[in-house]
Amino acid sequence: MTRTELPVLPPGLALIEIALLLVVPILLERWWPAFPDLTTSNPHPYWGPILLLSLQYGTISGLLTAIVAIAGTVLIGLPEPDIGENHFAYMIRVWTQPFLWITAALLLGHFRMRQIEHRDELSRRVVMLSNRSSALADYANNLKARCDMLERRAAGRAVPAGGEFLDALFALPAASPDRLQAEFNRLIQTAFPGAIASI
(Lines give C-alpha, C1' and ligand atoms only; values in the text may rest on other atoms or scores of the structure.)
Protein backbone atom coordinates (compact mmCIF):
# COMPACT_ATOMS: atom_id res chain seq x y z
CA MET A 1 0.00 0.00 0.00
CA THR A 2 1.47 3.34 -1.01
CA ARG A 3 1.75 6.11 1.53
CA THR A 4 0.91 9.63 0.43
CA GLU A 5 3.08 12.47 1.67
CA LEU A 6 1.55 14.97 4.06
CA PRO A 7 1.25 18.55 2.74
CA VAL A 8 4.20 20.87 3.39
CA LEU A 9 2.28 24.15 3.37
CA PRO A 10 -0.45 24.91 5.91
CA PRO A 11 -4.05 24.84 4.66
CA GLY A 12 -5.71 28.06 3.59
CA LEU A 13 -8.06 28.03 6.57
CA ALA A 14 -5.04 27.98 8.92
CA LEU A 15 -3.64 31.08 7.23
CA ILE A 16 -6.98 32.84 7.65
CA GLU A 17 -7.06 31.91 11.35
CA ILE A 18 -3.48 33.13 11.82
CA ALA A 19 -4.42 36.43 10.21
CA LEU A 20 -7.52 36.84 12.39
CA LEU A 21 -6.08 35.61 15.70
CA LEU A 22 -2.57 37.07 15.50
CA VAL A 23 -1.91 39.53 12.68
CA VAL A 24 -4.96 41.69 13.35
CA PRO A 25 -4.29 42.05 17.14
CA ILE A 26 -0.59 42.71 16.47
CA LEU A 27 -1.39 45.48 13.98
CA LEU A 28 -4.02 46.95 16.27
CA GLU A 29 -1.64 47.05 19.21
CA ARG A 30 1.15 48.51 17.07
CA TRP A 31 -0.88 51.26 15.40
CA TRP A 32 -3.86 51.90 17.67
CA PRO A 33 -2.86 53.37 21.05
CA ALA A 34 -6.22 52.62 22.68
CA PHE A 35 -5.78 48.86 22.12
CA PRO A 36 -4.83 46.99 25.34
CA ASP A 37 -1.17 46.10 25.87
CA LEU A 38 -0.76 42.38 25.13
CA THR A 39 2.70 42.13 26.68
CA THR A 40 1.33 42.68 30.20
CA SER A 41 -1.13 39.77 30.04
CA ASN A 42 -0.24 36.57 31.85
CA PRO A 43 -0.39 34.03 30.29
CA HIS A 44 0.45 35.72 27.04
CA PRO A 45 -2.55 35.90 24.66
CA TYR A 46 -0.44 34.41 21.83
CA TRP A 47 -0.54 31.04 23.60
CA GLY A 48 -4.15 30.51 22.53
CA PRO A 49 -3.62 30.72 18.74
CA ILE A 50 -0.37 28.71 18.92
CA LEU A 51 -1.95 25.84 20.84
CA LEU A 52 -5.14 25.96 18.81
CA LEU A 53 -3.51 25.84 15.39
CA SER A 54 -0.90 23.27 16.44
CA LEU A 55 -3.58 20.92 17.71
CA GLN A 56 -5.88 21.56 14.79
CA TYR A 57 -3.58 21.54 11.75
CA GLY A 58 -0.22 20.14 12.84
CA THR A 59 3.42 21.12 13.02
CA ILE A 60 3.69 23.45 10.02
CA SER A 61 0.72 25.61 11.03
CA GLY A 62 1.86 25.67 14.66
CA LEU A 63 5.39 26.74 13.72
CA LEU A 64 4.07 29.41 11.37
CA THR A 65 1.84 30.71 14.16
CA ALA A 66 4.77 30.76 16.61
CA ILE A 67 6.95 32.64 14.08
CA VAL A 68 4.21 35.21 13.49
CA ALA A 69 3.80 35.57 17.26
CA ILE A 70 7.54 36.13 17.73
CA ALA A 71 7.59 38.64 14.86
CA GLY A 72 4.62 40.41 16.43
CA THR A 73 6.37 40.54 19.79
CA VAL A 74 9.42 42.13 18.19
CA LEU A 75 7.24 44.50 16.11
CA ILE A 76 5.28 45.68 19.14
CA GLY A 77 8.49 46.17 21.06
CA LEU A 78 10.44 44.15 23.58
CA PRO A 79 10.14 45.17 27.21
CA GLU A 80 12.82 47.38 28.69
CA PRO A 81 15.44 45.71 30.90
CA ASP A 82 15.00 46.19 34.61
CA ILE A 83 17.44 48.29 36.61
CA GLY A 84 20.43 46.16 37.50
CA GLU A 85 19.37 43.30 35.21
CA ASN A 86 22.30 41.85 33.30
CA HIS A 87 22.20 41.03 29.62
CA PHE A 88 21.78 37.25 30.06
CA ALA A 89 18.95 37.56 32.58
CA TYR A 90 17.20 40.00 30.22
CA MET A 91 17.56 37.65 27.25
CA ILE A 92 16.19 34.73 29.27
CA ARG A 93 13.24 36.80 30.48
CA VAL A 94 12.41 38.12 27.02
CA TRP A 95 12.95 34.98 24.94
CA THR A 96 11.66 32.26 27.29
CA GLN A 97 8.06 32.46 26.07
CA PRO A 98 8.96 32.58 22.33
CA PHE A 99 11.16 29.50 22.84
CA LEU A 100 8.28 27.76 24.62
CA TRP A 101 5.93 28.74 21.77
CA ILE A 102 8.17 26.98 19.25
CA THR A 103 8.58 23.96 21.53
CA ALA A 104 4.83 23.64 22.08
CA ALA A 105 4.17 24.03 18.34
CA LEU A 106 6.68 21.27 17.55
CA LEU A 107 5.45 18.82 20.18
CA LEU A 108 1.72 19.31 19.79
CA GLY A 109 2.00 19.68 16.02
CA HIS A 110 3.92 16.40 15.73
CA PHE A 111 1.27 14.67 17.82
CA ARG A 112 -1.45 16.08 15.55
CA MET A 113 0.44 15.15 12.36
CA ARG A 114 0.62 11.54 13.53
CA GLN A 115 -3.13 11.59 14.09
CA ILE A 116 -3.70 13.07 10.62
CA GLU A 117 -1.41 10.45 9.06
CA HIS A 118 -3.27 7.67 10.88
CA ARG A 119 -6.62 9.11 9.77
CA ASP A 120 -5.46 9.30 6.15
CA GLU A 121 -4.20 5.71 6.33
CA LEU A 122 -7.59 4.55 7.61
CA SER A 123 -9.32 6.49 4.83
CA ARG A 124 -7.11 4.79 2.23
CA ARG A 125 -7.95 1.40 3.74
CA VAL A 126 -11.66 2.18 3.63
CA VAL A 127 -11.39 3.13 -0.05
CA MET A 128 -9.38 -0.01 -0.83
CA LEU A 129 -11.83 -2.28 1.02
CA SER A 130 -14.78 -0.56 -0.68
CA ASN A 131 -13.21 -1.16 -4.09
CA ARG A 132 -12.48 -4.76 -3.18
CA SER A 133 -16.02 -5.36 -1.94
CA SER A 134 -17.42 -3.77 -5.12
CA ALA A 135 -15.24 -6.06 -7.23
CA LEU A 136 -16.39 -9.08 -5.23
CA ALA A 137 -20.03 -8.02 -5.61
CA ASP A 138 -19.57 -7.65 -9.38
CA TYR A 139 -17.91 -11.06 -9.55
CA ALA A 140 -20.74 -12.63 -7.52
CA ASN A 141 -23.36 -11.03 -9.79
CA ASN A 142 -21.57 -12.29 -12.90
CA LEU A 143 -21.26 -15.75 -11.37
CA LYS A 144 -24.97 -15.80 -10.52
CA ALA A 145 -25.85 -14.75 -14.07
CA ARG A 146 -23.61 -17.53 -15.40
CA CYS A 147 -25.25 -20.10 -13.09
CA ASP A 148 -28.72 -18.94 -14.13
CA MET A 149 -27.74 -19.30 -17.79
CA LEU A 150 -26.41 -22.82 -17.20
CA GLU A 151 -29.56 -23.76 -15.28
CA ARG A 152 -31.72 -22.50 -18.13
CA ARG A 153 -29.60 -24.39 -20.64
CA ALA A 154 -29.81 -27.59 -18.57
CA ALA A 155 -33.56 -27.16 -18.08
CA GLY A 156 -34.10 -26.66 -21.80
CA ARG A 157 -32.10 -29.72 -22.77
CA ALA A 158 -34.05 -32.84 -23.70
CA VAL A 159 -34.19 -35.21 -20.75
CA PRO A 160 -33.86 -38.93 -21.70
CA ALA A 161 -36.72 -41.15 -20.82
CA GLY A 162 -36.08 -43.29 -17.76
CA GLY A 163 -37.37 -46.37 -19.46
CA GLU A 164 -34.93 -46.19 -22.37
CA PHE A 165 -32.04 -45.74 -19.95
CA LEU A 166 -33.08 -48.77 -17.91
CA ASP A 167 -33.55 -50.86 -21.04
CA ALA A 168 -30.06 -49.94 -22.25
CA LEU A 169 -28.63 -50.62 -18.81
CA PHE A 170 -30.20 -54.08 -18.55
CA ALA A 171 -29.25 -54.94 -22.13
CA LEU A 172 -25.58 -54.28 -21.47
CA PRO A 173 -24.77 -57.44 -19.41
CA ALA A 174 -26.66 -59.66 -21.82
CA ALA A 175 -24.91 -58.27 -24.93
CA SER A 176 -22.56 -60.46 -26.90
CA PRO A 177 -18.91 -59.40 -27.10
CA ASP A 178 -19.34 -58.06 -30.63
CA ARG A 179 -22.46 -56.05 -29.55
CA LEU A 180 -20.96 -54.81 -26.26
CA GLN A 181 -19.56 -51.56 -27.73
CA ALA A 182 -22.85 -50.77 -29.51
CA GLU A 183 -24.95 -51.38 -26.38
CA PHE A 184 -22.55 -49.30 -24.32
CA ASN A 185 -22.82 -46.45 -26.82
CA ARG A 186 -26.63 -46.68 -26.67
CA LEU A 187 -26.48 -46.48 -22.85
CA ILE A 188 -24.18 -43.42 -22.96
CA GLN A 189 -26.29 -41.67 -25.60
CA THR A 190 -29.45 -42.35 -23.59
CA ALA A 191 -27.97 -40.97 -20.37
CA PHE A 192 -25.84 -38.17 -21.89
CA PRO A 193 -27.00 -37.11 -25.35
CA GLY A 194 -24.10 -36.09 -27.55
CA ALA A 195 -21.43 -37.71 -25.35
CA ILE A 196 -18.85 -40.10 -26.78
CA ALA A 197 -17.37 -43.01 -24.81
CA SER A 198 -15.73 -46.30 -25.57
CA ILE A 199 -14.77 -49.50 -23.81
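Heads up: numbering here begins at 1 and tracks the sequence. Note that the structure is a prediction, hence the values are computed from the model and not measured.
- Under the 4.5 Å side-chain contact rule for hydrophobic residues, L15 and L13 share a cluster.
- I67 and V74 are not part of a single hydrophobic cluster, where members link through side-chain heavy atoms under 4.5 Å apart.
- Between I102 and I70 there is a side-chain heavy-atom pair separated by less than 4.5 Å.
- Membership of the apolar cluster around L20 extends to I16, as traced through chained side-chain contacts below 4.5 Å between ILVMFWY residues.
- Listed by chain and number, the residues in a side chain to side chain donor-acceptor pair (under 3.5 Å) with E29 amount to none (sequence neighbours excluded).
- How far CZ of R132 is from CE of M128: 4.5 Å, rounded to the nearest 0.5 Å.
- Atoms OG1 and CZ, on T103 and F99 in that order, are 4.0 Å from each other to the nearest 0.5 Å.
- Within the model, atoms OG1 of T59 and CG of L106 stand 6.5 Å from one another, a figure rounded to the nearest 0.5 Å.
- For the atom pair D120 CG and M113 CE, the distance stands at 9.0 Å (nearest 0.5 Å).
- N142 has its side chain out of reach of R146: every pair of non-hydrogen atoms, C-beta onward, lies at least 4.5 Å apart.
- Taking the side chain to side chain contact (heavy atoms under 4.5 Å, CB included) definition, one finds that R30 meets it with L75, sequence neighbours left out.
- No continuous path of ILVMFWY side-chain contacts below 4.5 Å connects V127 to I116, so the two sit in separate hydrophobic clusters.
- Evaluation of the salt bridge (Lys or Arg N to Asp or Glu O under 4.0 Å) rule for D138 yields no partner, not counting sequence neighbours.
- Listed by chain and residue number, I50, A105, L108 satisfy the side chain to side chain contact (heavy atoms under 4.5 Å, CB included) test with S54 (two or more places apart in sequence, or in another chain).
- Between the side chain of R112 and the main chain of G58, no donor-acceptor pair closer than 3.5 Å is present.
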Could you list the donor-acceptor pairs under 3.5 angstrom formed by side chains in residues 86-93, with sequence neighbours left out?
unit_1	atom_1	unit_2	atom_2	d
N86	OD1	F88	N	3.3
N86	OD1	A89	N	2.7
Y90	OH	P79	O	2.6
R93	NE	E85	OE2	3.0
R93	NH2	E80	O	3.1
R93	NH2	E85	OE1	3.0

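- Considering only heavy atoms from C-beta on, W95 comes within 4.5 Å of L78 through its side chain.
- In this structure Y46 satisfies the ring-ring contact (aromatic ring centres under 6.0 Å, His included) test together with H44, W101, sequence neighbours excluded.
- Residues satisfying the side chain to side chain donor-acceptor pair (under 3.5 Å) test with D148, not counting sequence neighbours, are K144.
- The stretch residues 48-63 participates, sequence neighbours left out, in no salt bridge (charged side-chain N to carboxylate O under 4.0 Å, His left out) pair at all.
- With a 6.0 Å radius and a threshold of 12 heavy atoms from other residues, nucleotides or ligands, R119 has its CZ atom above the threshold.
- Linking Ile, Leu, Val, Met, Phe, Trp and Tyr whenever their side-chain heavy atoms come within less than 4.5 Å puts I26 and V94 in one cluster.
- With values rounded to the nearest 0.5 angstrom, I18 atom CD1 is found 9.0 Å from L21 atom CG.
- Among all heavy-atom pairs drawn from Y57 and E17, the shortest one is OH-OE2, 2.9 Å.
- A search for side chain to side chain donor-acceptor pair (under 3.5 Å) contacts involving Q56 returns nothing, not counting sequence neighbours.
- In this structure a side-chain-to-backbone donor-acceptor pair under 3.5 Å is missing from T65 to L53.
- When the side chain to side chain contact (heavy atoms under 4.5 Å, CB included) test is applied to L28, the partners found at least two apart in sequence or on another chain are V24, W32, F35.
- By the side chain to side chain contact (heavy atoms under 4.5 Å, CB included) test, A104 pairs with W47, L51, sequence neighbours left out.
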